[in-house]
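Keep in mind it's a predicted model, so treat the numbers as computed, not measured.
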Amino acid sequence: MRQKTFVRSNWGVLGSMFPFLWPKDNPKFRIRVLISFVALIIAKVSAVATPLFMIWSVDSLAIDGVNETSASIIGMGSLSLVVCYGFMRLFSVGFNQLRDGVFTIVGQRALRNMAIKTFSHIHALPLQFHISRKTGALSRVIERGVKGVDFLLRFLIFSIVPLILELIFVAILLLIRYDWIYVLIVFVTIFFYTWFTFWVTNIRVRIRERMNRSDSDANQKAIDSLLNFETVKFFNAEKREIERYDSSMAGFEKASIQTNISLAYLNFGQSVLMTAGLVGVMILAANGVSSGLLTVGEFVGINAIMLQLLMPLNFLGTVYREIRQALTDMADMFRILDQPLMINDKLNPVILERVSGEVRFNNVNFSYSSSRTILTKVDFEVKPGQILAIVGPSGSGKSTIGRLLFRFYDVDSGSIHIDGTDIRELKQSQLREFIGVVPQDTVLFNDTIGYNIAYGYKNASFEDIKKVTKAARLFDFVNGLPEGFDTVVGERGLKLSGGEKQRVGIARTLLKNPKILLLDEATSALDTETEKKILKGLIPLFRGRSVISIAHRLSTISSADKIIVIDEGRVVEYGSHSSLLNERGKYFRLWNQQLNENI
Ligand code: ATP
């Protein structure tokens, strides 16, 4: 049953490649595929004709009267036959190269399109998918999948399919010029050869896996041990570490020896089977010659045919192993393409001509998984030009509100409206165009500060960049750097401090110039002094926008128009700073708590 599923899924994987190799919208590429197929057939016919001309050349040279027959059949002299033999060889190589040349652009474009399709699909997949996968592993899946396709194209299309074609032509030739018994021997030889190769290769794959495991085990132990250099010294444990490393190396040594021995076994076994087939056919042919049924040329020819056919099979083991690996890697890649998008645009989405930025949450209920409700009946609105602050304990669901507004997830019930339109009715790209987010942890691209700020708006001028950098209180810092805006920020922006990263995040969002601004603890990594300065500088920029500001430090949001207090996913208080203080509820307690902490 498992075998059956495996086979079926492999066919499925191969089928998934088809649209890329036979693109509907590209007739030129289809013509190329057809030309390369015709070239393949000519190459293979020439390959099979090569030994045929050898037979005729040998026979035309034979002085024995009996052997004149085959040369006289085609009515050519021995010199012309040798020249034709040469041409056939040339055709076989030449058309093979032509096929490669014509097909290569189709193959390469297919690889590119597959990589692009997977990459864009991954970008379209929901946040939930991304946070539960390792990014490194994901990019490896694309890399390996595309390599797998490349391998399969080269070996399956350029070596297995031609081999099968050649087998068919040779079988026809053998039936015409020789006898069915020759065909039988050739096929029996190939059958046992293939079976033996697959059998040994399967064993070798397992040995190789063991070898790889021991290798990475040894590697990991070595790295771990060297990283813990001091601990090893503290405990005088060098000997113990070396023994641990050696035990993995011993496993690697054993598996390596088994790999080499099994290779020798494979090579010798293949040779025995090939020689048996070859000798069997030659004994038959020798008999044929002595009984006058075959010519000397045909005796020499059968040897050439057999060698020509069996030689490429030498690589069958490697090809089989690699194809297995390629199919597994491709299946991983196609599995990603099969992942549903979850958040889809409507077929006819609403396009808003002008957006003022009014946000309304209507009785929103939401949970990441069915077992735990995160938001319950969340209800509020923000008008353009207003600042709404969201406060509440850690884990109460504040950032989740932002994720829902940005439509990383859809609400379970209730609705979110922008300018009166349910955000599910809008095109996601348009929705995200008019919302700017400064997240809790700003992650930067490993490029220059200038590049990271300009990411907010790709046509930004240097003047624009300077303006927002000043508003984010970052300009003096960047100007003071030896390389200024060209300073590279390192992986994920790690060469900058938390506060500097946040300010880059603010600057690039300001550059985006959104109608709705979502600040998710955007200044939490800054000292109170800088935070105050930034906020003072930002207030004028807030004009005309709806601002939602999530904050822990209440002092930063006391001037907000409205404040909502969230607790365990519910809005428990709602009002201005002074009215909430008057209520003497949760906000009042939080405020006093923070006042006391600051004293
Ligand atoms: P903080 O102030 O610490 O940033 P928060 O109020 O912004 O907290 P959220 O990030 O909205 O809290 O998270 C609310 C709850 O949802 C948390 O308990 C968190 O563990 C949970 N949560 C967040 N993201 C996911 C997710 N992708 N899958 C499952 N649970 C999640």
Side-chain angles (χ1 to χ4, degrees), residues 112-113 115-125 127 130 135 138-139 142 341 343 345 349 351-357 402-403 405-408 418 423 426-475 477-479 481 483-496 500-520 522 534 537-538 540-548:
R112 179 173 151 198
N113 286 345
I116 295 295
K117 190 169 174 201
T118 318
F119 186 65
S120 55
H121 188 78
I122 291 177
H123 262 299
L125 282 172
L127 187 64
H130 283 272
T135 314
L138 217 51
S139 68
I142 308 186
L341 291 187
I343 308 238
D345 279 343
I351 307 286
L352 297 179
E353 290 303 328
R354 282 195 64 240
V355 180
S356 66
R403 285 179 212 128
L405 176 63
F406 207 66
R407 220 177 153 212
F408 273 142
I418 288 182
I423 58 170
L426 296 171
K427 227 170 137 69
Q428 287 174 68
S429 53
Q430 197 196 17
L431 169 75
R432 288 171 188 164
E433 212 168 88
F434 46 70
I435 302 178
V437 182
V438 184
Q440 245 171 29
D441 305 305
T442 302
V443 180
L444 302 181
F445 292 100
N446 189 359
D447 209 301
T448 61
I449 294 185
Y451 173 85
N452 273 289
I453 296 176
Y455 202 77
Y457 177 55
K458 73 172 188 276
N459 297 326
S461 66
F462 186 63
E463 277 313 304
D464 297 332
I465 294 178
K466 242 164 88 177
K467 197 172 138 205
V468 292
T469 316
K470 279 185 177 155
R473 301 259 153 197
L474 191 67
F475 188 74
F477 162 72
V478 178
N479 228 10
L481 291 171
E483 297 186 49
F485 281 91
D486 292 331
T487 309
V488 176
V489 302
E491 187 93 8
R492 298 169 74 82
L494 285 177
K495 283 190 189 165
L496 298 185
E500 287 153 5
K501 264 192 302 188
Q502 275 197 334
R503 281 180 281 166
V504 172
I506 294 172
R508 74 177 173 193
T509 308
L510 290 177
L511 199 60
K512 186 178 173 184
N513 195 17
K515 278 286 171 195
I516 300 164
L517 192 58
L518 182 72
L519 306 170
D520 191 350
I534 289 186
L538 285 182
L541 294 170
F542 287 169
R543 219 166 283 139
R545 305 175 206 273
S546 310
V547 180
I548 299 178

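How far OG1 of T469 is from CD1 of I506: 11.5 Å, rounded to the nearest 0.5 Å. Atoms NE2 and CD1, from H121 and I142 in turn, are 11.0 Å apart once rounded to the nearest 0.5 Å. The distance from atom CG of L125 to atom OG1 of T118, rounded to the nearest 0.5 Å, is 10.5 Å. Taken to the nearest 0.5 Å, the CD1 atom of I423 stands 9.0 Å off from the CZ atom of R432. Expressed to the nearest 0.5 Å, how far OH of Y457 lies from CG of D464 amounts to 7.5 Å. With values rounded to the nearest 0.5 angstrom, R407 atom CZ is found 12.5 Å from K427 atom NZ.
For A460 against L511, the heavy-atom pair with the smallest separation is CB-CD2, 3.7 Å. Minimum heavy-atom separation, I343 to F408: CD1-O, 3.5 Å. Scanning both residues, S356 and S546, for their nearest heavy atoms gives O-OG, 4.5 Å. Between T448 and V489, the shortest heavy-atom contact is C-CG1, 4.4 Å. The shortest non-hydrogen separation linking I465 to G450 is CD1-O, 4.5 Å.
One N or O on the side chain of K512 and one on the backbone of I435 form a donor-acceptor pair closer than 3.5 Å. No donor-acceptor pair closer than 3.5 Å links the side chain of R545 to the backbone N or O of G357. Side-chain atoms of Q430 come within 3.5 Å of backbone N or O of L352 as a donor-acceptor pair. T509 places no side-chain N or O within 3.5 Å of a backbone atom of G436 that could act as its donor or acceptor partner. Of the possible polar contacts, one joining the R503 side chain to the R473 backbone as a donor-acceptor pair under 3.5 Å is found.
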For this session: Run the numbers on T442 and L444 for side chain to side chain contact (heavy atoms under 4.5 Å, CB included), then give the verdict.
Result: CA-CA 6 Å; T442 302; L444 302 181; 3.6 Å; yes
For this session: For side chain to side chain contact (heavy atoms under 4.5 Å, CB included), just list the numbers for D441 and K501, CA-CA rounded to whole Å, side-chain angles, deciding distance to a tenth of an Å, and then say yes or no.
Result: CA-CA 8 Å; D441 305 305; K501 264 192 302 188; over 6 Å; no
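No more than 12 heavy atoms of other residues, nucleotides or ligands shown are found within 6.0 angstrom of NZ on K467.
Using a 4.5 Å heavy-atom cutoff, the side chains of H130 and I122 are in contact. The side-chain heavy atoms of V468 and R508, taken from C-beta on, include no pair separated by under 4.5 Å. The side-chain heavy atoms of I449 and L481, taken from C-beta on, include a pair separated by under 4.5 Å. Side-chain contact between F406 and V437: present, with at least one pair of heavy atoms (C-beta onward) separated by less than 4.5 Å. Residues L405 and I418 form a side-chain contact, since some pair of their non-hydrogen atoms from C-beta on lies under 4.5 Å apart. You'll find the side chain of V478 stays beyond 4.5 Å of the side chain of T487, heavy atoms only.
Relative ring orientation between F445 and Y455 is described as tilted, the plane-to-plane angle lying within the 30° to 60° band. Below 30°, between 30° and 60°, or above 60°: for F475 and F485 the angle between ring planes is between 30° and 60°, a tilted geometry.
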